[in-house]
Structures are given as C-alpha cells and as structure tokens.
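The block underneath contains the structure these notes are about, expressed in structure tokens.
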2 protein chains.
Amino acid sequence: MGANRAYHHGDLRAALIAASFDLLAEQGLQRFSVAAVARRLEVSSAAPYRHFPDRNHLLSAVSAAAARDLNAAILAAAEAAGDDPAERLAAAAGAYVRFVTRTGAGLPVIYAAELYEVADEARREHTRALMTTMLDLAAATETASYHDTVLLLEASIAVAHGYATLHSQGFFARNDTSVDTIAARAVEAARTLHPSPRMR
Amino acid sequence: MGANRAYHHGDLRAALIAASFDLLAEQGLQRFSVAAVARRLEVSSAAPYRHFPDRNHLLSAVSAAAARDLNAAILAAAEAAGDDPAERLAAAAGAYVRFVTRTGAGLPVIYAAELYEVADEARREHTRALMTTMLDLAAATETASYHDTVLLLEASIAVAHGYATLHSQGFFARNDTSVDTIAARAVEAARTLHPSPRMR
DNA sequence: GTCTATAATAGGATAGAC
DNA sequence: GTCTATCCTATTATAGAC
C-alpha cells in the first residue's frame, strides 16, 4: 500500500456493521461497545459517530442486517429441507443455531428492547419480513388454529435459541462443541415438537 | 429506628448475595456491577470488598446459592409431578423457567466460565449436586444409553433455557407475559421431546 | 465493619482541526 | 471523513479514617 496511513476506509459504515458482528460473535452483546468496534478497525473512537449518531443507531443497523441475513439463511435451509412442512420448520431451527453461532446476533439482538425508540425504517421492514417467514413456516404445518401456529413457532424458537445460547456460552464445552453437532441436535429436537392440546 | 443511620447491616454478606439476585433478575448479567449492588443496599461502593475480594468472588457466591436453590426447586417440582419419569423431567423444565425469571441466575450464570478460576468449594459442591439431580431425572426415563440420557437432558435444558431467556428479554411481550403461561409451555414442549435414533 | 476519598480504567459522546 | 483532544460518567479496587 503506497498511500499514507491516514483515512482508512472507503466504506467505514459497512465496515462498522461487519466488525460489530465479529465482536458480537466473539464476546456477546455484554461486551459490545462502540469503542471496541473502532479499535478493531483501527479508527479513532470518534469515527463511528460520523456514521451513526449513537450506539443504538449502530446496533439498529446491525439488527437490520442480521434480520435480513437470518431471513435468507432460514429460507435457504427450508428450501434445502424439501417439501415436508415439519422438516422445513425444523431446518429453520438448525439455521438459527448456525447463524447465532457465526454472528452473535440472535433474536434478542435483532428485537432488542432498546432499539424500539430508534427510527429505522430499514430495520422495521427486515424484522417484519423475518417474522413473516417464520410464521409462514409454522403455519404450513398441520396446526389447528393461528394460536397453535404461534405456539409451535415459539417452541421451535425456544429450542433453537436455547441450544444456540448454551453453545455460544460454552455450556456444552466438555463434549463435542462443533456447530454442526449442536445444530443437528436442535433440528432433531425441533422435529419432535407438536402443538399439543395441553399447550395453551 | 432509634439508632443513628451509620452501619447498615447485621449480615451484609448475605444481603449482598440477595441483592445480586434482584439485580440479575431485573437487569441481567449484562448490567450487573458490584457498585450497583452496593447502591441498592445503600452502602458505600467499598463495603462489598470487605466480604468478597473481587467481583468474581461475589458472583461465585451467587452461583453457589443459585445452584443450591435451583436444585431444590427442581427436586420439589419433580416430586410434585408424580412418578412418571418423563413428567418429572418436564416438570423440571418448568421449574427452571420459574427460577430464572425470579432470580436471573440461570445456567449461564451458575456455570459462567469466568468463575472457573475462583476457588470456591461450596460452589463446586452445589453445582455438582445440581448436575447430578438433572442427570438422574433424565436417566430415569427410558433412554437406551448414557449418551441418549445426556442428549435428552441437553434438549430439555435447551427448551427450558430458550423459553426462560426469551421471556426475560421481553420477546414474548406482545402476548401473555405471565411466568405461569411461559413455564407451562416449556413443560409442554419438554414433554414432547424424545431421544430419537437420529439425535446422535 | 463500614465509611470517605481516591486512583486507574473504560466507555459514550462532542468540538474543532485538517 | 477521519483525527486529536476532551468531558462526563460509571465501574473496579485500594488506602486510611472512625
């Protein structure tokens, strides 16, 4: 690189979002900070504030990108799973585990309460599309009512999210920690779920 | 109260642990700080350090108490569930959801990686007893092998933890947020789990 | 056993130079 | 569009008074 080392980026905004994913995946939302993202990109701690007015606006952009990418990952997994609606829903659970492990941006990040006050139309659209995708997958199974559909979806999400967070927090560390193994178990557990008459 | 208002506590150590639970339940591990616990008890920020050498030792004591109480809650729930091993295991999932909602100290707090370096024999014993309880509940069901037992336990924990964290992070806020409802759903979902031949 | 006071560190955010 | 410099706030942890 012949140029001097001032002014590092062509697209710092995009780089900030990408680096935020890395930071979230490595250290979780607990230790996420704007300053740490800036350090990682070797820009000053003030630089991010040229692109996002505050921390929550950066996180909102991360949320939007995560919703968009998770939506795509779930659709791809469902597609690959074939035609059986139950298989497609279970496959989505596996996609969720993989996505959270890779990006650190699961549903609690995507739908974080602190982002509600941020005006961000892109995020709103992507999160709504994601929810629609998930509800459609659940609705395609043989559920008797919309209420049952929601319950089945919640249970599937709970299974996937439970496996994902326990894995990323090292709870399964003793044994086999591979993402593939954990994702497969989440798929298998999601497969056994049924909307039962008692589940109301 | 006739006495002057200096020197607030007879048993600050116990009060610190109790207040830590409240703080965890209200704000999560993300915002846990020794200073906040001290503020809550209206003692100086230095006072906790007379009882715990550092933050992790306080968290270790919280972990020990949580492991002990969760163990008791799970045993009580299993007892109340009757004799069917599958029912007893499912009931444990419900107890877990209630416990985490009430205390904020779930398995990721109890088994937090940062506590591994803390020498705390009481914690070690309580966490081991908890693990034994959970494994026993899973082993009593009709699993073909120890491996199946572990898989069933992991799946049950994942379901319970997923419901608990999504609930405490407000993901279910739109609809019915009562703990009873969420716990009942976790029990129902856990009931449907089976160690399947594919789950390996 | 708890207090006040303080040091060290880190993060969020802003002002103004270039 | 990014930098340096700075302010404010919060947290961990320690020293020494009472």
Side-chain angles (χ1 to χ4, degrees), chain A residues 1-20 22-24 26-63 104 109 112-115 117-120, chain B residues 1-20 22-24 26-63 109 112-115 117-119:
Chain A
M1 288 185 179
N4 207 337
R5 56 184 79 176
Y7 288 33
H8 294 71
H9 285 94
D11 191 353
L12 181 56
R13 189 192 148 91
L16 285 166
I17 294 172
S20 294
D22 294 344
L23 193 62
L24 284 170
E26 286 169 28
Q27 312 204 319
L29 185 58
Q30 314 204 6
R31 297 202 177 150
F32 177 87
S33 77
V34 180
V37 177
R39 263 197 307 277
R40 178 169 295 245
L41 292 174
E42 296 182 300
V43 296
S44 80
S45 64
Y49 292 93
R50 285 289 122 184
H51 298 273
F52 301 98
D54 58 29
R55 173 197 152 101
N56 278 349
H57 278 80
L58 169 54
L59 281 176
S60 181
V62 171
S63 164
V109 170
E114 55 208 290
L115 303 183
E117 60 200 25
V118 176
D120 182 341
Chain B
M1 292 185 179
N4 207 337
R5 55 183 82 173
Y7 288 33
H8 294 70
H9 285 97
D11 192 353
L12 181 55
R13 190 192 148 90
L16 286 165
I17 295 172
S20 294
D22 294 344
L23 192 63
L24 285 169
E26 285 169 29
Q27 311 203 317
L29 186 58
Q30 314 204 8
R31 295 197 180 156
F32 178 88
S33 78
V34 179
V37 177
R39 263 198 307 279
R40 177 169 296 245
L41 291 174
E42 296 183 301
V43 295
S44 80
S45 64
Y49 292 92
R50 285 288 123 183
H51 298 274
F52 301 99
D54 60 30
R55 174 198 152 100
N56 278 349
H57 279 80
L58 169 54
L59 281 176
S60 182
V62 171
S63 163
V109 170
E114 55 208 290
L115 302 184
E117 61 201 25
V118 177

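Here is the naming used below: chain letters follow the sequence lines, and residue numbers restart at 1 for every chain. What you are looking at is a predicted structure, and each value in this text was computed from that prediction instead of being measured.
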| query | Quick one: B:Arg40 CZ to D:dT11 P, roughly how many Å, whole number? | reply | 12 Å

| Heavy atoms under 4.0 Å, any strand shown: does A:Arg39 hit a base, just sugar-phosphate, or nothing? | sugar-phosphate

| request: To the nearest Å, give me how far apart CG (A:Leu58) and P (C:dG12) are. | output: 10 Å

| note | Rounded to whole Å, CG of B:Leu16 lies from P of C:dT2 at a distance of 9 Å

| said: I want to check one thing: is the phosphate of D:dT14, taken as OP1 and OP2, less than 4.0 Å away from some side-chain N or O of B:Arg50? | reply: no

| query | So what does B:Ser44 hit on the nucleic acid, given a heavy-atom distance under 4.0 Å: a base, only sugar-phosphate, or nothing? | reply | base

| query | B:His51 has an atom NE2; how far is it from atom C1' of D:dT14, in whole Å? | reply | 16 Å

| A:Arg31 (side chain) donor-acceptor with A:Glu26 (main chain) under 3.5 angstrom | no

| query | Going by heavy atoms in the side chains, are A:Arg40 and A:Val37 under 4.5 Å from each other? | reply | no

| said: Just the rounded figure in Å: distance from P of D:dA13 to NE2 of B:His57. | reply: 11 Å

| request: Would you mind telling me which residue lines up with the more 5' stretch of DNA chain C, B:Asp11 or A:Ser33, judged by nearest nucleotide? | output: B:Asp11

| With no hydrogens and no angle check, is any side-chain donor or acceptor of A:Ser60 less than 3.5 Å from a backbone partner on A:Asn56? | no

| Among C:dT14, D:dT11, C:dC3, which nucleotide sits nearest the side chain of B:Ala47? | C:dC3

| Nearest-angstrom distance from the residue atom CZ of B:Arg13 to P of C:dT2 | 13 Å

| remark: Separation of D:dT12 atom C1' from B:Phe32 atom CZ, nearest Å, is 12 Å

| Between P of C:dG12 and CG of A:Leu59, the distance in whole Å | 9 Å

| From D:dT14, D:dC3, C:dT2, pick the nucleotide closest to the side chain of B:Tyr49? | D:dT14

| message | Please tell me if B:Arg55 has a side-chain N or O lying less than 4.0 Å from either OP1 or OP2 of D:dT12. | response | yes

| query | Between B:Val62 and B:Phe52, is a side-chain contact (heavy atoms from CB on, under 4.5 Å) present by the stated rule, with each step listed? | reply | CA-CA 11 Å; B:Val62 171; B:Phe52 301 99; over 6 Å; no

| query | Which nucleotide, C:dG11, C:dC3, D:dT2, lies nearest any side-chain atom of A:Ala35? | reply | C:dG11

| Counting any heavy atom closer than 4.0 Å, what does A:Ala46 reach on the DNA or RNA strands: base, sugar-phosphate only, or nothing? | base

| message | Quick check against the 3.5 Å criterion: does B:Ser63 have a side-chain atom that pairs as donor or acceptor with the backbone of B:Leu59? | response | no

